[in-house]
Amino acid sequence: MQAAVISAEWAPRPDYPLSEEERRTRTARVGSSVWKHPQVAVQELPDPVCGPEDAVVRVAAAGLCGSDLHFFETDADGYMHYPGLARFPSVPGHEVAGEVAAVGERVKHLRRGDLVCLDDMVCCGACEACRRGFPNQCENLEDVGFTMNGGCAELLRVPARNLWSINSLRARYGGKEQVLEAGAVIEPFTVAYNALFECAGRIKPGAFAAVYGAGAIGLAAVQLLRASGAAQIAVFEHHAQRRELALRFGAHHAFPANGEGANGAQPARAVLRELTGGAGADVQVEAAGAFRHTMPEMEAAAAMGGQIIIIGRDRNPAAVQLEHLQVKKANIIAAMGNTGHGTYPNVIRMIAAGLLDPTPMITHRFALRDFAGALAQAQTRQGGKVLVKIG
Ligand SMILES: [Zn+2]
Ligand SMILES: [Zn+2]
């Protein structure tokens, strides 16, 4: 099969405490401290073999996201930016949809020909976190497209339990190709859903919401908030094209992100105070990964009982004036992951019912053989989702 393959050089930083486990498995827990000089090439790999509990998917489309770009972007010493679990050579692609080509003998919930999307988090089911019902905190996580070969390939083998049928979307979208394109952008919705309704919860119809960052996760959060009855949604985003998309996705207002009020623009806290008549925002979603800029705004703009939901990733610390939150009985909620708790089937049902539509998020399409072109487009970080179309 044809696949986009990332290779990199194993070169643990001298000050990085490499564990025996990392050395043995060649899987870095902190990719950016171990892997250098990443490269990608589309090449021929052997077809995957389906194990008894696996399924093999003929991939139709794979979305690129910020984490994929972090594999290729490097610091001054040549180390990749990606800070999570990583092993190379490997095939990227964790936002994937396709058609089931083969199922293992013990698989009961799928058949050949089913249209499916991928839940990329392969949890062990056996660690303390998994057994306590926290699969997103699995201590032995394998992640498709990160530690296992992903979907930027003609064929993808994964545990069948990580595939969800999207046959129900046929009635909504008609054509198979449209169903599979929608399927390839379900993953960002599951990330936002997990944050809003599993980690946070108590989001009420009529809420005033603010979303910082209108990348895929921010856009997904906007639609989910809209579907859950938010009365007003304000988005703060740097790029004009993404602000346009946010409005298309149901935001009522879209403002330039400015943090400290640069360029004469008002800081978010002032905008939100004005829009809410001083009451503040009930729900604020950090999907920008820029905590130093967003935290002071969110804290100042929180309504009484407000929730500040952190989805973006940022290794830099941010100062928090906790007393502001105490006075307002406001909460900061930290969210990560997208698996378990019925998240995938619920998102798929919402799409089937017309409550969500991920397809306007897709702004660019590239063939697998032009993976480099897809990457270059995604690196501009200006449009919506870039899809790699396969087959
Ligand atoms: Zn992603
Ligand atoms: Zn586990």
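In each ligand, atom 1 is the first atom listed, and ligand 1 is the first ligand listed. This chain uses plain numbering: 1 for the first residue, then up along the sequence.
- The angle Cys65:SG - the Zn ion (ligand 1) - Glu95:OE2 amounts to 90°, with values rounded to 10 degrees.
- Ionic pairing of Lys176 and Glu99 is present here: one or more N-O contacts between side-chain nitrogen and carboxylate oxygen are shorter than 4.0 angstrom.
- Side chains of Asn167 and Asp114: a donor on one and an acceptor on the other come within 3.5 Å.
- Under 2.8 Å from the Zn ion (ligand 2) lies no N/O/S atom of Cys123, from backbone or side chain alike.
- To the nearest 10 degrees, the Zn ion (ligand 2) sees SG of Cys138 and SG of Cys127 at an angle of 120°.
- With respect to Arg106 and Glu53, a salt bridge is recorded, a charged nitrogen being found less than 4.0 Å from a carboxylate O.
- A salt bridge links Glu73 and Arg381; the closest N-O separation between the charged side-chain nitrogens and carboxylate oxygens is under 4.0 Å.
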